[in-house]
Amino acid sequence: MSTVQILLDVALMAAATVALMLLIGAFARRLLGTRVSAPRVILAGVAGLGAALGFESRFVWQADEYTPAMIPILFGIILLVAITVLVVAEFLVPQGSVARPDRWLPNLREALDRNRRTGEILRIATRHRLLPFKIETGRTAKAHAQRFAQARSVRLALEEAGGAFVKLGQLLSTRPDVVPEEYIAALADLQQRVPPAPWPEIAPALDRVLAAAGTDRAGAFSAFDEEPFAAASIGQVYRATLADGSPVAVKIRRPGIVPLIERDTDIATRFARRLESSGGWAAQMGVERLVTSLSESLSDEVHYAVEAANLLAMAGAQHQLTADARVRIPRLHEALSSDDVLTMEFVSGTTLSDGAALTRIPEAQREALAQRLLRSTLAQIMDAGVFHADLHPGNIVVTAEGELALLDFGSIGRLDSTTRARLADVLLAFSRRDAAGFADALLEFVEIPDDLDEPLLRREIADFMARRLGPGARIDAAVFTEIVAVLSRHGLTPPPELTVPFRALASVEGSLRVLAPEFDLVAEAAQYAERRLASAARPSSVAKALTDEFFSVLPLVRRLPHRVDRITGNLADGRLSMNMRVLADKRDRGFLRDLVNLAALTFLAGVFGIMAAMLLVSASGPRLTETLTLFQVFGYLLLIVSGVLTLRALFDTLRRRGGRER
C-alpha cells in the first residue's frame, strides 16, 4: 500500500476508535451491564487503536491485495481488545476501590493528616504494650489480674492519644453489656485535661447565632462571663444572664473540632475492622459494629442541634409522667442555639459527683431523692418511651430547692409502645425473681435460631437469678452485663431496644449508690412493677386499653363484612382461588434474572465460538483473496462476538464476586 493510503487508513482507525470510545461510554450499560468511568474508556480505546494498528501493519499494509471485508474484522478487533482491557482493569482494580484522580489532590492533605495521626496512635499503643491486642476472657484470678493491668494500659493510652479516643473510651465505660468489668472501672476514670480555647477563637460562633436571631451580645445578654466554668475537648460552657434576668449556660463548640473527631473515629473504625477481620474474640464481640455505634453517639454529642432536640424530647416526656416521677429539665432557648451553640437554663445546685457537698444533705432526704431518681428513670423508660441513657453522677444535680435536675442530653433512648410492653414483662419477672417468666420475656427480644438449646439457656437464666437476685443480693452494672453474656453464649444477639435500657439502669445504679449506699434497687423496682401492675388492673385502665384496642381494629372490622361476602360469593360460584406469587421478593427475582442472563451469555458465547471454529477451518465459500474466503470472514466476526460475550459474562462474574451492585 502507498504511504497516502496508510495515512488515510490510520486516520480512519483513529476516527473509528474515538467513535468506539464514545459508544462504549454511552452504551456501557448495555455492553457490560454497568457504567464505566471515562479514564477506563480512554484506556480501552487507546489499547483498541494499538491492536488495530498492529493488525493493519501485519495483514493489510504489507499485503498485495486488499478487500473491504477486512473492515468489519478491524472494528471487531478494536471492540474485543477494548472490552478485554475493561475486564482486566475490573479484575485488577475494581471500580470504586480507588478514588478518582480529580479527587486525589483535595483529599491528599486529609489522607496525610490521617496517616500521621495513625502512626502516632500506633506508637502510643506500642509504648503501652497493647500490640498485639487481645482481651483475656478467662475467669481465673490470673486472667482477672491480666485484664486489670491491660485495662489500666488502655486508659493511659487513650488519655495520651486524646481527642476522640478519650470520648470513645468514656462512652465505652457505659457499655457493661460488651466490656469486662475491669475495663468499665478503668475507663470510668478517663480524664482529658484540655486547656480552654481563648475567647477570641470561641466568640465568632456565638456572634453568628446572635446575628441569625437578629441581635448581638449586648442585646441578648445583660452579662456574659468570658471565662468558661467548664471546658472539655468538644466544647466550653459559659455563664451568662439574659436581658430579662434569666441565668443561662451557653455551651459553645470548639472551632475545628468536627473534622478532628471525624478523623479519629475513622481511624478507630479502621483499627476495629482490622481487629475483627483477624477473627477470634474481636469477631465474636463485633468490635467494628461496637466502634461504629460509639462513633455515632459521639457524633450526636458533637452536633449540638441533636442535643437540643433531645432536650426538647425529654422536656415533653415529663408531661407524661406522674408528679412523683418528674425531674427538672433545663429550658432550651432555641433562638440562641444552633449546631455549635447551645443555650439553656442554668441549673444551680450540687452534682452527685461532688461527694463532699452531698454529705451536707440529710440521709432521709438522700434516700427520698434516690427513690425519686429510680422512679423517674423507670417511668421514662416504661411510660414515656424517652429516657436519659447516661445518668452517671456528673449528669444529675440536686438543686437548692431539693429537686433533681438532669444535664447533658447528648445520649437519650427512644422506645415504641410494643417494646415498652415487652420491657414491662422483663421488669416484672425480674422484680419477682421469676426465672421462667424472665426467660420468656427476654426471648421475645431476640431471633431464636433452630439449633438453640433452649432448655440449657433456661437453666442458665435460672442459675443466674438464683445467684444474683437471691436474698441479700445487690444489683450493680455486672448484673446487666451477665444477662447479656448469657444470651450471647447461646448465639443470641440482644437488640439495642434491650441493651440501651439495661445500660441506662446500670448507669443510674451507680448514681443511686452515691445518694444512698444501702439503696435496694431490686426492692424498689419490685414496688414500681407492682404499682404499675395494679394501675393496669384498675377498671379505668382496663377500659382505656380495651378502647384503644377497639379503635385500632375498627378499620379491619368495617372491611370484614365486604370481604366475607366476596369470599362466600366466589365459593358459591366455584370461583374461589388462591393467588401465590413465586419470587415475590425483588432480590430473589434479581438474582434469578442475573443467573439466567449469565447462563444465556455463556451458552451463546459457546455456540458462536463453535460456529466460528467450523467456518474458519472450512475451505469453501466465495474467495475474497487468495488466502481468505467469505466464510472465514464470517468465522472471524463470530469469533469476535463469542469473545465479547465471554468477556461480558466474566465481567458480571467479577462484579458479583466483589459484592457490588450494578
Using the side-chain contact (heavy atoms from CB on, under 4.5 Å) rule, take Leu498 and Leu442 through it: C-alpha gap first, then chi angles, then the decisive distance, then the call.
-> CA-CA 9 Å; Leu498 181 64; Leu442 285 178; 4.0 Å; yes
List the steps, then state whether side-chain contact (heavy atoms from CB on, under 4.5 Å) holds for Ile234 with Leu298.
-> CA-CA 10 Å; Ile234 294 177; Leu298 181 54; 3.9 Å; yes
Begin with the C-alpha distance, continue with both residues' side-chain angles, and end with the deciding distance and a verdict on salt bridge (charged side-chain N to carboxylate O under 4.0 Å, His left out) for Asp264 and Lys167.
-> CA-CA 10 Å; Asp264 282 359; Lys167 295 297 297 182; over 6 Å; no
Evaluate the criterion side-chain contact (heavy atoms from CB on, under 4.5 Å) for residue pair Arg253 and His303; output intermediate values, then yes/no.
-> CA-CA 9 Å; Arg253 189 170 64 195; His303 297 286; 3.7 Å; yes
Tyr238 and Ile252: CA distance, side-chain angles, deciding distance, side-chain contact (heavy atoms from CB on, under 4.5 Å) verdict = CA-CA 8 Å; Tyr238 298 84; Ile252 306 177; 4.1 Å; yes
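The line from CE of Met344 to CD1 of Ile329 is 10.5 Å long, rounded to the nearest 0.5 Å. Atom CG of Leu168 and atom CG of Leu294 lie 6.0 Å apart (nearest 0.5 Å). Here the OG1-CG distance, from Thr351 to Leu358, works out to 7.5 Å after rounding to the nearest 0.5 Å. To the nearest 0.5 angstrom, Ser297 atom OG is 13.0 Å from Gln170 atom CD. Here the CD1-CD1 distance, from Ile267 to Ile121, works out to 6.0 Å after rounding to the nearest 0.5 Å. Distance CG/Leu512 to OG1/Thr377: 7.0 Å, rounded to 0.5 Å.
Side-chain atoms of Pro204 and Arg208, non-hydrogen and from C-beta on, do get closer than 4.5 Å to each other. Under the 4.5 Å side-chain criterion, counting only non-hydrogen atoms from C-beta, Ile257 is not in contact with Asp340. Put simply, the side chain of Asp300 does not reach to within 4.5 Å of the side chain of Glu307, judged on heavy atoms. Arg274 has its side chain out of reach of Val287: every pair of non-hydrogen atoms, C-beta onward, lies at least 4.5 Å apart. A 4.5 Å side-chain heavy-atom check between Leu206 and Trp199 finds at least one atom pair inside the cut-off. Side-chain contact between Ser337 and Val209 is absent, with no heavy atoms from C-beta onward closer than 4.5 Å. You'll find the side chain of Val398 reaches within 4.5 Å of the side chain of Leu352, heavy atoms only. Leu312 is listed as a side-chain neighbour of Glu334, based on a closest heavy-atom distance under 4.5 Å.
A donor-acceptor distance shorter than 3.5 angstrom exists from the side chain of His392 to the backbone of Gly394, with no hydrogens or angles considered. Using modelled atom types, one side-chain atom of Glu276 and one backbone atom of Glu288 make a donor-acceptor pair closer than 3.5 Å. Judged purely by atom type and a 3.5 angstrom limit, Arg114 has no side-chain atom pairing as donor or acceptor with the backbone of Arg263. Remark: the backbone N or O of Phe387 is not paired with any side-chain donor or acceptor of Gln380 at under 3.5 angstrom. A donor-acceptor pair under 3.5 Å is absent between the side-chain atoms of Ser299 and the main chain of Ser295, judged by distance alone. Using a distance-only test at 3.5 Å, with no hydrogens or angles considered, a donor-acceptor pair links the side chain of Thr343 to the main chain of Leu336. A donor-acceptor contact shorter than 3.5 Å is absent between the side chain of Asp408 and the backbone of Asn395.
Atom CZ of Phe346 has more than 12 neighbouring heavy atoms from other residues, nucleotides or ligands inside a 6.0 Å radius. Counting heavy-atom neighbours within 6.0 Å of Arg127 CZ, excluding the residue itself, gives a total above 12.
Shown here for Glu345 and His333, the closest heavy-atom pair between the two residues is N-CD2, 4.1 Å. Between Leu131 and Leu122, the shortest heavy-atom distance links the atoms CD1-O, 4.0 Å. Heavy atoms only, all atoms of each residue included: His388 and Ala504 are closest at O-CB, 3.9 Å. Smallest separation of non-hydrogen atoms from Ser511 and Pro393: OG-N, 3.2 Å. Nearest approach of Ile396 to Leu391, heavy atoms of both residues: CD1-O, 3.7 Å. Nearest heavy atom pair, residue Ile124 against residue Ala157, reads CG2-O, 3.6 Å.
The aromatic ring centres of Phe271 and Phe165 sit 6.0 Å or more apart.
Residues meeting the side-chain contact (heavy atoms from CB on, under 4.5 Å) test with Pro196, sequence neighbours left out: Pro228, Ala231, Gln236.
Under a 4.0 Å N-O distance rule, the pair Arg117/Asp113 does not qualify as a salt bridge.
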